[in-house]
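Below you'll find the structure, written out as structure tokens, and then a few comments.
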Amino acid sequence: MARKVNPAGGVTENTAPKFPIEKLREECIALFGVSSATFDGATVGLSGEYTVEDIKTKINDWLKKPIKGGM
């Protein structure tokens, strides 16, 4: 992760590279350990660019959701 340096000195925040959602989907097994179907379910409606950590969070949150009308 790259870090931004505050002009007054010191690190202000971490910035990670962002990638198009399509590229993250292509590498979903290697990056997130999930199938493309799981990736699609967790990221439905998303477009644009995201960090790997952003998508990991979305996938983990989606996997924790209860199944509606489940057994």
Side-chain angles (χ1 to χ4, degrees):
M1 253 188 238
R3 295 183 184 189
K4 285 188 178 179
V5 177
N6 183 327
V11 175
T12 57
E13 64 182 75
N14 286 334
T15 57
K18 292 186 176 186
F19 302 95
I21 193 79
E22 297 84 4
K23 183 66 177 170
L24 294 168
R25 184 184 188 279
E26 288 175 14
E27 303 296 331
C28 64
I29 293 173
L31 291 171
F32 312 111
V34 299
S35 68
S36 57
T38 298
F39 183 90
D40 290 346
T43 61
V44 67
L46 294 183
S47 62
E49 295 186 343
Y50 296 88
T51 66
V52 171
E53 198 58 41
D54 289 339
I55 299 301
K56 275 185 187 177
T57 300
K58 292 195 179 297
I59 290 169
N60 288 334
D61 290 348
W62 186 79
L63 289 171
K64 292 176 187 173
K65 285 185 179 181
I67 297 172
K68 292 181 182 177
M71 297 191 278

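- Listed here is the closest heavy atom pair of L63 and T38: CD2-CG2, 4.0 Å.
- Using a 4.0 Å cut-off between charged side-chain N and carboxylate O, R25 and E22 make no salt bridge.
- Minimum interatomic distance between C28 and F39 (heavy atoms only, all atoms of both residues): CB-CD1, 3.8 Å.
- Remark: K58 NZ to Y50 OH distance equals 6.0 Å, nearest 0.5 Å.
- When L46, I55, T51 are each tested for a side-chain contact (heavy atoms from CB on, under 4.5 Å) with L24, only one passes: I55.
- Put simply, the side chain of F32 reaches to within 4.5 Å of the side chain of V52, judged on heavy atoms.
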